[in-house]
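Presented below is the structure to which this report refers.
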Amino acid sequence: MRSLGAGRVALDMVGETVTIAGWVHRRRDLGGLIFLDVRDRSGLVQASAGPGWTAAGAMDAVRALGPEDVIRVRGIVQPRPEEARRPEMATGEIEIQVIELELLNRARTPTIPVYRAPEEELPSEKLRLRHRVLDLRRAELQESLALRHRLALETRNFFHGHGFLDIETPILTKPTPEGARDFLVPSRVHSGEFFALPQSPQLYKQLLMIAGFDRYMQIARCFRDEDLRADRQPEFTQIDVEASFVEPEDIYRWCEGLVARLAPLAGAVAEPPFARMSWDEAMERYGSDRPDLRWTLDIHDRSEVLGALDFRLLRGAVARGERIRTLQLEGGARLSRREIAALEGAARGAGAPGLLWAKILEDRATGPLGRFFRDDTRARLGLASGDLLLAAAGPDRITSPALDAVRAAAISALAIPPSTRHAWAWVTRFPVFEDVGDGALAANHHPFVQPDPADMHLLDSAPLSVRGLAYDLVYNGTELGSGSIRIHDAALQRRILAMLGLGADEIETKFGFLLDALGTGAPPHGGIALGVDRIAARFAGASSLRDVIAFPKTTAARALFEGAPTAVADEDLAALGISLRGRRDGGASG
RNA sequence: GGGGCUGUAGCUCAGUUUGGUUAGAGUGCCGGUCUGUCACACCGGAGGCCGCGGGUUCGAGUCCCGUCAGCCCCGCCA
């Protein structure tokens with residue numbers, strides 16, 4: 001139907017007759033001479049129609065074209081006149097002189113424009129999602145989805161090259177008590193019973209290890225029925241990896257090798273080995289388990305110096321066993337009161353009661369904290385004239401997130417240049433448990449993380465101090481992946497589940513199949529899952545996952561194009577043995 | 001579940017602070033002129049449930065209450 005893509009027409013084809021097919025991107029009608037930009041996935045090319053080379057009938061057809069009409073053009077590749085060349089465009093040196101034009105399909109005037117003038121705003125996201133086929137025709141989204149394809153292809157090739165098998169796991173699975181809410185799927189055959197869509201293939205990949213598959217990978221769709229964010233969709237895609245007889249180092253090596261091959265596909269850089277940092281160190285130095293290491297600015301514990309000042313608030317904090325932690329900003333004294341107040345606002349927004357500060361001037365220190373400085377305070381803190389000291393006092397669970405937020409705000413306010421553009425890091429040794437109050441424990445990650453053997457003696461006495469063989473891959477402050485070595489011992493797995501508050505019966509009902517499998521001779525194993533949507537969004541420079549997903553959901557978890565979810569007919573529910581409680585919307589449709 | 005922002009022509013937005021005659025602009029669309037345009041240019045025209053419902057008022061795009069939708073955030077979620 002066509003001889004090549006519109007964007008592939010090139011200068012060395014001058015004189016050739018070509019046939020292209022695509023959409024009318026734009027038409028410029030000069031009267032006797034008409035120019036068309038013809039677009040397909042490969043790009044744009046200008047077609048010109050004029051009486052010297054285009055028959056009268058074709059001329060009329062060109063005159064009648066509107067945007068997004070689908071056409072086929074046969075013509076001769078010609079160089080443009082000298083003064084009409086556009087070297088900045090891929091096909092700007094040439095044009096196709098129209099001999100023949102066929103209208104393949106008429107388009108109604110697009111509700112939202114595909115063509116966009118320079119600096120013209122995008123239509124609202126609501127309309128972009130409702131008219132997604134038009135939005136997807138834009139070069140940016142075409143390129144984002146093409147990037148996703150290249151990432152997926154390279155990923156499969158990489159793991160294939162390392163002996164991994166791509167194995168599919170079920171979409172209809174067993175509801176899990178832990179973690180996120182499940183999407184439930186009613187079983188018609190077993191009325192009153194439900195499948196769940198997988199939150200991840202976690203248990204299946206462990207079962208595959210136990211079954212002896214050694215090295216598994218899958219680009220897997222995952223589902224979590226939780227509220228959305230710009231970086232969270234109810235269905236998302238993971239590069240899911242698991243291997244047997246491995247240690248964390250093996251996983252790091254594979255992931256670093258993978259990322260080093262993926263990054264160049266998007267013009268990013270990843271140079272292994274990546275930085276390593278324990279969770280404790282990340283929280284201590286950056287207040288976050290996913291620190292943005294493009295900036296080296298870090299947090300210091302200044303309890304000793306600041307707690308000794310005649311400042312009741314700080315003395316009290318230290319007396320309670322709390323700490324005073326600071327960020328010291330070189331040149332930060334140039335910030336205005338208003339700008340510093342914005343930093344304080346960042347701290348408050350993250351849950352801190354406030355933020356203390358001191359401006360270091362030539363001969364003195366000012367501000368609510370600077371007023372209390374002693375003669376030697378400045379020297380003991382290593383502060384220089386022009387610096388700004390920001391301090392937060394309190395328990396770490398308050399000061400860490402607050403200083404993390406302040407750090408980001410300060411970097412932005414002072415326009416501190418990053419020391420690198422691509423900061424990759426492993427954050428390791430996450431706590432196995434988190435405190436959910438009243439002495440109850442929850443799994444910090446999931447209940448299958450292998451506790452560090454060195455911490456095993458703390459399991460009963462100080463479970464919150466137990467670190468796991470768990471690790472996150474962090475890129476520029478975004479968590480792109482998360483994994484761990486798993487528990488392969490049935491007794492330990494049972495013990496951990498019990499610590500999480502599950503009764504013996506519940507453990508058997510919910511996890512009996514796993515424990516049973518572990519008892520059949522499970523190899524030591526571990527793995528990781530990398531977020532494809534996040535990787536693609538980061539690499540494509542997209543601010544939202546929606547820009548790297550063909551048909552994403554809105555923040556209210558709706559699909560605007562096709563209109564899902566939707567009510568269903570009563571008879572369909574009846575067949576599933578389901579009746580709805582209370583009112584329901586009228587628009588039931590089968 | 002909670003907080004914030006937004007909703008006016010097909011699209012992008014003014015107008016809402018301080019209620020007042022006929023709600024504007026750009027672009028797109030329709031018609032016309034135009035042989036080197038590429039945001040073509042020029043002339044003319046059509047196009048509005050001011051998200052929806054209620055209230056206050058002589059009078060509501062504008063004020064109040066409710067509601068729906070989109071986006072951002074907290075909770076939630078790795």
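Chain identifiers are assigned alphabetically (A, B, ...) following the order of the sequence lines, protein sequences preceding nucleic acid strands; residue numbering begins at 1 within each chain. Just so it is clear, the structure is predicted and the values come from calculations on it, not from any experiment. Because only heavy atoms are used, hydrogens play no part in the values below, and waters and symmetry mates are left out as well, while side chains stay in.
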From rG75(B), rU35(B), rU12(B), nucleotide with atom closest to Pro123(A) side chain: rU12(B)
- request: Describe the nucleic acid contact of Arg80(A) in one word from base, sugar-phosphate, nothing, applying a heavy-atom distance below 4.0 Å.
  value: base
message: Return the pairing partner of rC30(B) with a 3.5 Å limit on both distances, Watson-Crick or G-U wobble; otherwise return none.
response: rG44(B)
message: Just to be sure I understand the rule, does Leu228(A) reach a base, reach only the sugar-phosphate, or reach nothing, if contact means heavy atoms closer than 4.0 Å?
response: nothing
query: Is the backbone of Ala107(A) close enough, under 3.5 Å, to the side chain of Asp69(A) for a donor and an acceptor to pair up by distance?
result: yes
query: Counting any heavy atom closer than 4.0 Å, what does Ala180(A) reach on the DNA or RNA strands: base, sugar-phosphate only, or nothing?
result: sugar-phosphate
query: Any salt bridge between Glu140(A) and Arg138(A), counting N to O under 4.0 Å?
result: yes
Nucleotide nearest Arg28(A) (side chain, heavy atoms from C-beta), chosen from rG10(B), rC38(B), rC76(B): rC38(B)
query: At under 4.0 Å between heavy atoms, what does Pro81(A) touch on the DNA or RNA strands: base, sugar-phosphate, or nothing?
result: base
query: Across the strands shown, which category fits Ala529(A) at heavy-atom distances under 4.0 angstrom: base, sugar-phosphate, nothing?
result: nothing
field: Arg132(A) to Phe561(A) six-membered ring, cation-pi geometry met (6.0 Å, 45°)
entry: no
field: rU6(B) OP1/OP2 closer than 4.0 Å to side-chain N/O of Ser124(A)
entry: no
message: Considering every strand and a 4.0 Å limit on heavy-atom distances, what is the contact class for Gly92(A): base, sugar-phosphate, or nothing?
response: nothing
task: Give one of base, sugar-phosphate or nothing for Arg534(A), where a contact means two heavy atoms less than 4.0 Å apart.
output: nothing
- prompt: Can a side chain N or O of Gln202(A) be found less than 4.0 Å away from OP1 or OP2 on rA78(B)?
  reply: no
message: Quick check for you: among rC11(B), rC38(B), rA78(B), whose closest atom lies nearest to any side-chain atom of Glu479(A)?
response: rA78(B)
message: What I'd like to find out is whether the side chain of Ile487(A) reaches to under 4.5 Å of the side chain of Phe448(A), using heavy atoms alone.
response: no
message: Is a donor from one side chain sitting under 3.5 angstrom from an acceptor on the other, for Tyr216(A) and Asp240(A)?
response: yes
message: From C-beta outward on Ala230(A), which listed nucleotide comes closest to its side chain: rU12(B), rG36(B), rC73(B)?
response: rC73(B)
query: Considering only the C1' atoms, how many Å lie between rA9(B) and rA46(B), rounded to the nearest integer?
result: 11 Å
- prompt: When the C1' atoms of rC40(B) and rG28(B) are considered, how many whole Å apart are they?
  reply: 16 Å
- prompt: For rG53(B), which nucleotide in any strand shown is its Watson-Crick or wobble partner with both distances under 3.5 Å?
  reply: rC65(B)
- prompt: Looking at Arg229(A), does any N or O in its side chain come under 4.0 Å of the phosphate oxygens OP1/OP2 on rC74(B)?
  reply: yes
- request: Kindly point out which of rU12(B), rG10(B), rC34(B) is positioned nearest to the side chain of Thr111(A)?
  value: rG10(B)
query: Do any side-chain nitrogens or oxygens of Arg116(A) fall under 4.0 Å of OP1 or OP2 in rU27(B)?
result: no
query: With rounding to whole Å, what would you report as the distance between rG54(B) and rU62(B) at their P atoms?
result: 14 Å
Positions of residues 34-61 of chain A (non-hydrogen atom under 4.0 Å from RNA chain B), listed by number: Phe35(A), Gln46(A), Pro51(A), Trp53(A)
- prompt: How far, in whole Å, is rU27(B) from rA39(B) if one measures between their P atoms?
  reply: 14 Å
- prompt: Which value, in whole Å, describes the distance between the C1' atoms of nucleotides rG7(B) and rG15(B)?
  reply: 15 Å
task: Could you check which of rA78(B), rC40(B), rG70(B) has an atom nearest any side-chain atom of Asn444(A)?
output: rA78(B)
- prompt: Among Gln493(A), Glu242(A), Gln206(A), which residue meets the side-chain hydrogen bond (donor to acceptor under 3.5 Å, both in side chains) test with Arg486(A)?
  reply: Glu242(A)
query: So what does Arg224(A) hit on the nucleic acid, given a heavy-atom distance under 4.0 Å: a base, only sugar-phosphate, or nothing?
result: sugar-phosphate
query: Do Gln238(A) and Ser200(A) have side-chain atoms, one donor and one acceptor, less than 3.5 Å apart?
result: no
- prompt: Which of these, Asp289(A), Asp280(A), Asp455(A), sits in a salt bridge (charged side-chain N to carboxylate O under 4.0 Å, His left out) with Arg429(A)?
  reply: Asp455(A)
field: Which residues share a ring pair (Phe, Tyr, Trp, His ring centres under 6.0 Å) with Tyr471(A), sequence neighbours left out
entry: Tyr252(A)
task: Round to the nearest Å and state the distance from Leu33(A) atom CG to rU35(B) atom C1'.
output: 5 Å
query: Does one side chain, of Glu256(A) or Trp426(A), offer a donor that lies under 3.5 Å from an acceptor on the other?
result: yes
Short side-chain N/O contact from Thr109(A) to OP1 or OP2 of rG28(B), under 4.0 Å: no
field: Pairwise C1' distance, rU16(B) and rG61(B) [rounded to whole Å]
entry: 7 Å
- prompt: Any side-chain N or O of Arg546(A) under 4.0 Å from OP1/OP2 of rC72(B)?
  reply: yes
- prompt: On a whole-Å scale, what distance lies between the P atoms belonging to rU12(B) and rG53(B)?
  reply: 22 Å
query: If you measure from the P atom in rG59(B) to the same atom in rU21(B), how many Å do you get, rounded?
result: 15 Å
task: Output the single nucleotide from rC11(B), rG70(B), rG36(B) whose closest atom is nearest the side chain of Leu560(A).
output: rG70(B)
